[in-house]
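So the structure is just underneath, and the comments pick up after that.
In what follows, every chain begins at residue 1, and chains take the letters A, B, ... in the order their sequences are listed.
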Amino acid sequence: MRNWSFVSVLVLVAFATFFGTKMVGNSYAFFAGYVVLQYVVLATAWNILGGYTGYVNFGTAAFFALGAYSTVVLHKTLPELPLPLMIAVGGVVSGAVGLGTGYLTLRLRGTFFSIATLAMAVVMQTLITNWSFVGGARGVYVIRPDESPIFDGDYIEYLFLLMLALSVIAVAVARAIEHSRLGYGFAAIRDDELAAEASGVPTLRLKLIATALSGGFMGMAGAPLPYYVTYLDPSSGFSLSYAVNTIAMPLIGGTSSWLGPVLGAVLLGTLQQAATVTISSALSLLIVGVLLVVFVIVAPKGIIGWFRR
Amino acid sequence: MDFPLDLLVNALVSGLLLGGFYAAVTIGVSISFGMLDIVNIAHPAFIILGSYIAYIANSVLGLDPIVASILVLPGFYLLGMAIYHVYDVSFERRGDASMRGLAFFFGLLFITEVTLVLVFGVDYRLVEARYLGTTLHFGFIDLPMRLVVPFLVSIVMLVGLQLFMARTFIGRAIQAVAQDPLALRLMAANPSQIKRIAFGMSIATASIAGAVLIIIQPVEPSIGREYIGRVFAICVMGGLGSFPGMLAAAVLLGVVESITSTFFGPSWSPAVAFGFLLLTLAVRPSGIFGRA
């Protein structure tokens with residue numbers, strides 16, 4: 001399928017999702033759906049680096065929370081700015097941090113990059129905790145408007161629609177990468193970086209592109225968060241559950257194509273929403289951890305691996 | 001304003017003691033990551049598990065935390081062997097250790113942490129022993145036993161392991177296994193088995209490290225994460241797999257963190273380790289004390 005026809009199909013699916021959710025007639029459907037879509041964006045973003053180039057990022061929470069806190073800063077300084085612009089700023093901030101971390105660590109073995117991202121999450125949290133302008137350790141309140149600014153409906157419907165749009169963009173970009181020169185370069189790095197370098201693939205530059213793209217999308221996914229939760233503190237913004245979910249979803253769905261993370265995010269995200277309501281949120285996180293371990297041991301190619309033999 | 005010399009000296013001394021403790025926390029990773037090339041990011045979670053076991057033994061049975069940790073050492077050793085067995089069969093033999101192996105340990109980290117939260121909740125726990133409240137004074141230098149005991153225990157463990165690695169056949173085989181598994185096979189030692197023993201030992205150190213951790217500070221399930229950055233920073237900076245280098249790096253980090261926390265406030269100290277790690281990775285990835 002050509003890229004443009006793929007995008008039109010995606011947009012159709014998105015509209016169907018929106019009106020389907022509206023049919024439920026309960027604003028909780030939008031609150032739950034927003035979280036699932038947020039994970040579609042996060043898992044797809046993680047997979048651009050993790051699945052395509054094979055570099056594991058443990059710092060999802062840092063990129064995500066940076067996006068969220070850049071919105072907090074904008075909300076306090078330029079409250080008139082429309083949310084889509086705030087999302088763009090969040091994406092740029094997180095993308096730049098991804099680029100910086102990548103520049104320092106990507107010339108080394110892949111495991112050093114992974115460890116650095118893990119440590120970076122802790123440090124970003126320390127910085128935000130010590131920065132009183134954005135609430136520090138006490139957290140910050142953000143007032144959510146009542147009405148959607150562009151159509152007749154609740155503000156949560158607007159947030160849902162924005163996250164839906166972000167999902168469409170992220171998935172379209174991920175799929176476009178797969179069938180481009182960039183994607184073949186990424187795959188060469190994943191399969192044998194030394195051989196790729198020797199055959200003239202500019203490995204460092206490609207890895208930096210992947211890190212910046214991936215970090216940028218994570219930041220964009222986090223940018224609307226303050227308006228969704230209305231109260232944001234460092235320990236919830238930097239929660240490890242974002243990192244573990246974002247790794248578990250592509251690995252469970254399958255990392256080799258764009259479909260894997262989407263599948264994983266929809267399945268695992270919905271399962272968690274249901275488990276959080278019916279059992280408890282800690283137990284639902286435990287389920288994710290166990291599923292992750294079981295899948296990497298038993299089904300290394302994920303769910304899509306079952307259908308492609 | 002005069003320069004607060006007594007503050008500085010006290011910060012140096014407590015940093016030195018803290019460094020000894022950091023060495024105990026890192027030594028397990030120094031074995032698994034430095035010698036076996038297994039990126040066990042779940043190690044701090046096992047340390048927290050050790051802390052909670054020491055806590056139970058202390059609050060229910062009234063045992064000394066260090067004694068309790070030595071009693072459960074064989075259990076941790078077996079746990080480590082079991083984890084290595086799964087890792088070996090699922091990832092190393094498939095030649096797929098990097099990404100899925102990392103995800104595997106990340107999953108273990110998460111499962112351990114969430115299970116501890118479910119069982120004990122997120123309250124801070126601490127241990128009691130008679131010697132913990134006392135402080136020795138030498139002039140204006142304070143030596144709190146809360147830091148001295150962990151320091152001594154760590155040094156004993158470090159020296160013991162260093163002797164084991166240098167003097168025994170298994171110890172030398174462990175050092176050899178990452179360098180040349182084939183040569184090891186020719187010496188009639190099975191690399192898989194040697195790695196299983198070594199990984200068991202690395203997890204066993206988590207039991208003692210956990211006990212000294214809960215002596216130094218109150219513990220809750222998620223503080224293990226603060227140690228991931230520190231542990232790997234020390235391990236990389238010390239030159240992978242070298243115990244003396246690791247001790248030196250641990251003391252250096254302890255001193256810098258202690259000075260930061262004395263003069264800028266304790267909430268900044270986690271950032272120091274990360275700064276160290278990034279700087280080491282960017283400037284000298286073989287470690288300050290490593291062979292270039």
Side-chain angles (χ1 to χ4, degrees), chain A residues 50-51 53-56 58 100-101 103-116 118-127 129-130 136-137 190 235 238-241 243-245 247-248 250-251 255 280 282-298 300, chain B residues 29 33 37-39 41 86-87 89-91 94 96-115 117-118 121-122 222 224-233 235-236 264-265 267-283 285-286:
Chain A
T53 72
Y55 277 76
V56 181
F58 288 120
T101 317
Y103 187 75
L104 284 178
T105 55
L106 278 173
R107 277 166 296 180
L108 305 165
R109 280 169 33 205
T111 47
F112 286 128
F113 172 75
S114 307
I115 295 163
L118 200 56
M120 191 192 67
V122 174
V123 170
M124 287 296 170
Q125 188 173 351
T126 312
L127 292 180
T129 308
N130 282 297
R190 179 186 58 204
S235 62
F238 285 89
S239 165
L240 192 65
S241 60
V244 81
N245 267 311
I247 292 171
L251 284 172
T255 52
S280 81
L283 208 61
S284 82
L285 285 174
L286 188 62
I287 296 172
V288 175
V290 172
L291 277 178
L292 171 64
V293 169
V294 168
F295 261 84
V296 292
I297 292 174
V298 179
Chain B
V29 172
F33 182 48
D37 211 15
I38 299 170
V39 193
I41 50 172
V86 174
Y87 177 80
V89 170
S90 319
F91 308 108
R94 284 191 209 152
D96 193 13
S98 61
M99 178 153 105
R100 277 165 232 289
L102 271 172
F104 170 70
F105 283 115
F106 192 61
L108 285 187
L109 161 89
F110 199 69
I111 291 172
T112 314
E113 191 179 311
V114 175
T115 309
V117 170
L118 284 173
V122 291
S222 70
R225 264 180 271 151
E226 287 175 21
Y227 282 90
I228 296 174
R230 284 197 189 115
V231 158
F232 281 93
C235 191
V236 172
F264 299 95
S267 57
W268 282 105
S269 62
V272 175
F274 177 70
F276 258 73
L277 179 63
L278 264 194
L279 215 67
T280 316
L281 288 179
V283 180
S286 58

Over all atoms of both residues, closest heavy-atom pair of B/S222 and B/E113: CB-OE2, 3.5 Å
Region of B/V86 in contact with chain A, defined by heavy-atom distances below 4.5 Å: side chain
Contact winner vs chain B - A/L286, A/V298, A/L118, A/V244, heavy-atom pairs under 4.5 Å: A/V244
Pairwise distance CD1(B/I41) to CZ(A/F58) - rounded to 0.5 angstrom: 3.5 Å
Main-chain N/O of A/I297 paired with B/R100 side-chain donor or acceptor, under 3.5 Å: no
Per-residue contact mode, B/F110 against chain A (heavy atom under 4.5 angstrom): side chain
Part of A/V290 within contact of chain B (heavy atom distance under 4.5 Å): both
Any donor-acceptor pair under 3.5 Å from A/S239 side chain to A/S235 backbone: no
Ring-ring centroid check B/Y87 B/F105, cutoff 6.0 Å: yes
A/L291 side, atom CG; B/I111 side, atom CD1 - distance, nearest 0.5 Å: 9.5 Å
Interface residue of largest heavy-atom contact number with chain B, from A/V122, A/L240, A/V294, A/V56, under 4.5 Å: A/L240
Chain B contact via A/M120 - side chain, backbone, both or neither, heavy atoms under 4.5 Å: both
Contacting moiety of A/A243, where chain B heavy atoms sit under 4.5 Å: both
Chain B contact via A/T101 - which portion, at a heavy-atom distance below 4.5 Å: neither
Pick from A/N130, A/L292, A/L283, A/T129 with the largest number of heavy-atom pairs that fall under 4.5 Å of chain B: A/N130
Aromatic plane relationship, B/F104 with B/F91 - under 30° parallel, 30 to 60° tilted, over 60° perpendicular: tilted
